[in-house]
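A quick write-up on the structure given underneath.
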There are 2 protein chains.
Amino acid sequence: MSSTERRERERARRHQLIITAARELAEAEGWDAVTTRRLAQRVAYSQPVLYNHFKGKDAIVGAVAVEGFDDLAAALRRARRTAGSPREALRAVGRAYLDFAVARPALYAAMFVRETDVPFAQEAQQDSPAAPRAAFEELAAVAGPGDGRDAEVDAEVIWSALHGLAVLARSGRIPQRRQRERLDALVERFAPDTAGRRKASAGQDGSGTAGAGGA
Amino acid sequence: MSSTERRERERARRHQLIITAARELAEAEGWDAVTTRRLAQRVAYSQPVLYNHFKGKDAIVGAVAVEGFDDLAAALRRARRTAGSPREALRAVGRAYLDFAVARPALYAAMFVRETDVPFAQEAQQDSPAAPRAAFEELAAVAGPGDGRDAEVDAEVIWSALHGLAVLARSGRIPQRRQRERLDALVERFAPDTAGRRKASAGQDGSGTAGAGGA
DNA sequence: CTAGTGTGGCTAGCACTGCTAGGGTCGCGT
DNA sequence: ACGCGACCCTAGCAGTGCTAGCCACACTAG
């Protein structure tokens with residue numbers, strides 16, 4: 001059985017190779033440049049091979065998106081853990097989210113903008129893929145204020161706001177600068193400073209998009 | 001000069017006919033169904049005619065989007081005027097926004113999701129088209145709380161949140177129900193009830209998407 | 001009323017897309 | 001050694017956005 005085992009291993013390797021090539025090509029030249037022919041050429045096979053691994057092009061994009069959710073969840077988790085107060089945790093997670101969207105726009109588009117057939121949490125059941133759910137859980141972990149309101153609703157609104165900020169700024173609907181201030185305003189509203197510090201941190205700097213941006 | 005005048009008139013009429021046909025076709029069958037051939041057939045001309053009026057397909061979609069902003073601005077204005085307190089005005093405008101996105105998904109996609117070359121307010125200058133700016137002004141008019149914060153930033157964040165709610169709910173990233181509660185949460189955060197009524201209105205009803213929705 | 005002119009739409013076609021059918025070659029198990 | 005089966009590639013299909021070149025029509029000048 002070692003032969004079939006090896007074959008399956010190679011098949012899995014190639015499966016991953018296709019996903020990686022699609023992501024890299026998209027991040028380098030945009031999703032419009034990701035055609036089945038170019039992708040096949042990149043993995044040194046002919047197009048029909050792609051269809052042995054995926055139902056179609058959309059499925060490939062979906063696979064890239066699922067991997068992206070892993071990355072996003074990891075980035076949010078990292079941000080959350082390096083923060084002190086809950087308020088700062090929310091700010092850090094929000095900034096990590098916006099940085100992710102800025103640093104990896106093609107990947108972000110695959111995850112949120114492009115219409116995919118990836119099944120998400122249709123009814124808040126747990127039949128959704130693990131990766132997107134994990135990313136949302138990271139957000140929910142820092143969104144809950146515990147002041148009697150519905151934490152899940154708050155998390156969904158915050159997520160929506162972050163997504164809106166990311167995509168509207170990228171498409172130029174809102175000026176790309178001052179993202180930092182917008183994030184501060186969001187944090188201020190959803191996690192007001194109860195310690196009386198009354199920090200007016202924002203200022204008018206507006207340097208960069210939202211932060212340094214990782215990877 | 002009456003002949004050339006008539007020609008220009010007919011030309012303008014056909015220009016509008018193309019835009020309307022594109023919008024109707026998109027609203028009926030989605031943007032994927034809007035091909036140059038089908039669109040040309042719908043207006044009873046051949047494809048090259050389209051290129052006498054528009055630079056390409058993207059320009060047609062952009063024209064549809066610009067008209068959509070007129071509709072959106074009108075809907076928001078209507079909602080704002082029929083509201084009493086500023087707080088209720090914000091809620092009404094938010095609901096009108098979400099209703100618009102639900103009732104006319106294809107049009108909304110042309111305006112916000114599809115990548116167009118429509119020039120928006122790149123640097124908050126006034127060189128952006130009038131229609132999108134008008135829609136944003138409607139939002140800004142109800143977003144400014146006047147408590148010392150930057151009203152424009154608040155408006156941008158609220159707009160982002162509304163857009164995020166609309167698009168994430170539509171794509172199934174967040175459950176489609178309970179949009180009403182999410183809007184209430186957003187309003188609560190950005191326009192807290194200062195009259196001490198401490199209204200816990202939301203409840204768990206979650207009926208419908210966000211409201212009745214006007215065609 | 002005729003001849004000339006130019007605007008403008010149409011037919012045909014290009015390069016490209018996602019996807020599929022069929023054959024042919026290789027390696028494996030017996 | 002032989003037969004079998006998995007597997008990959010070449011070639012092609014229908015449909016996409018967009019363009020070149022022709023031709024007919026309507027209008028203007030005489």
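Chain identifiers are assigned alphabetically (A, B, ...) following the order of the sequence lines, protein sequences preceding nucleic acid strands; residue numbering begins at 1 within each chain.
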Rounded to whole angstroms, how far apart are [atom1] on [X] and [atom2] on [N]?
X        : N       : atom1 : atom2 : answer
Asp32(A) : dG17(D) : CG    : P     : 13 Å
Glu10(A) : dA6(D)  : CD    : P     : 17 Å
Tyr51(B) : dT16(D) : OH    : P     : 11 Å
Leu50(A) : dT20(C) : CG    : P     : 12 Å
Lys57(A) : dT20(C) : NZ    : C1'   : 17 Å
Gln41(B) : dT16(D) : CD    : C1'   : 15 Å
His53(A) : dG18(C) : NE2   : P     : 18 Å
Arg38(A) : dT17(C) : CZ    : P     : 9 Å

### Task
Would you give the length of the straight line joining atom CD1 of Ile158(B) to atom CZ of Arg189(B), rounded to the nearest 0.5 angstrom?
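It is 13.5 Å, given to the nearest 0.5 Å.
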
### Query
Within the side chain of Gln176(A), is there an N or O that forms a donor-acceptor pair under 3.5 Å with the backbone of Ala169(A)?
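Pair found, side chain donor or acceptor close to backbone of Ala169(A).
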
### Query
Between Ser171(A) and Arg173(A), do the side chains contain an N or O donor and an N or O acceptor separated by less than 3.5 Å?
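Yes.
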
### Task
Verify the distance criterion only: is there a donor paired with an acceptor across the side chains of Arg182(A) and Gln179(A) at less than 3.5 Å?
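On atom types as modelled, these side chains qualify, holding a pair under 3.5 Å.
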
### Task
State whether the distance check finds a donor on one side and an acceptor on the other, under 3.5 Å, for side chain Arg37(B) versus base dG15(D).
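No.
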
### Task
Only counting residues at least two apart or in another chain, list the ones meeting ring-ring contact (aromatic ring centres under 6.0 Å, His included) with Phe112(B).
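For Phe112(B), the residues satisfying ring-ring contact (aromatic ring centres under 6.0 Å, His included) (neighbours in sequence not counted) are Phe69(B), Tyr108(B), Trp159(B), His163(B).
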
### Task
Among residues two or more places apart or on two chains, list those pairs meeting salt bridge (Lys or Arg N to Asp or Glu O under 4.0 Å) that have a residue in residues 66-75 of chain A.
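Non-adjacent pairs meeting salt bridge (Lys or Arg N to Asp or Glu O under 4.0 Å): Asp71(A)-Arg104(A).
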
Short heteroatom pairs, N/O only, protein and nucleotides 7-9 of chain D, under 3.5 Å:
from, atom 1, to, atom 2, distance (Å)
dC8(D), OP1, Arg14(A), NH1, 2.9
dC8(D), OP1, Arg14(A), NH2, 2.8
dC9(D), OP2, Ser46(A), N, 3.2
dC9(D), OP2, Ser46(A), OG, 2.6

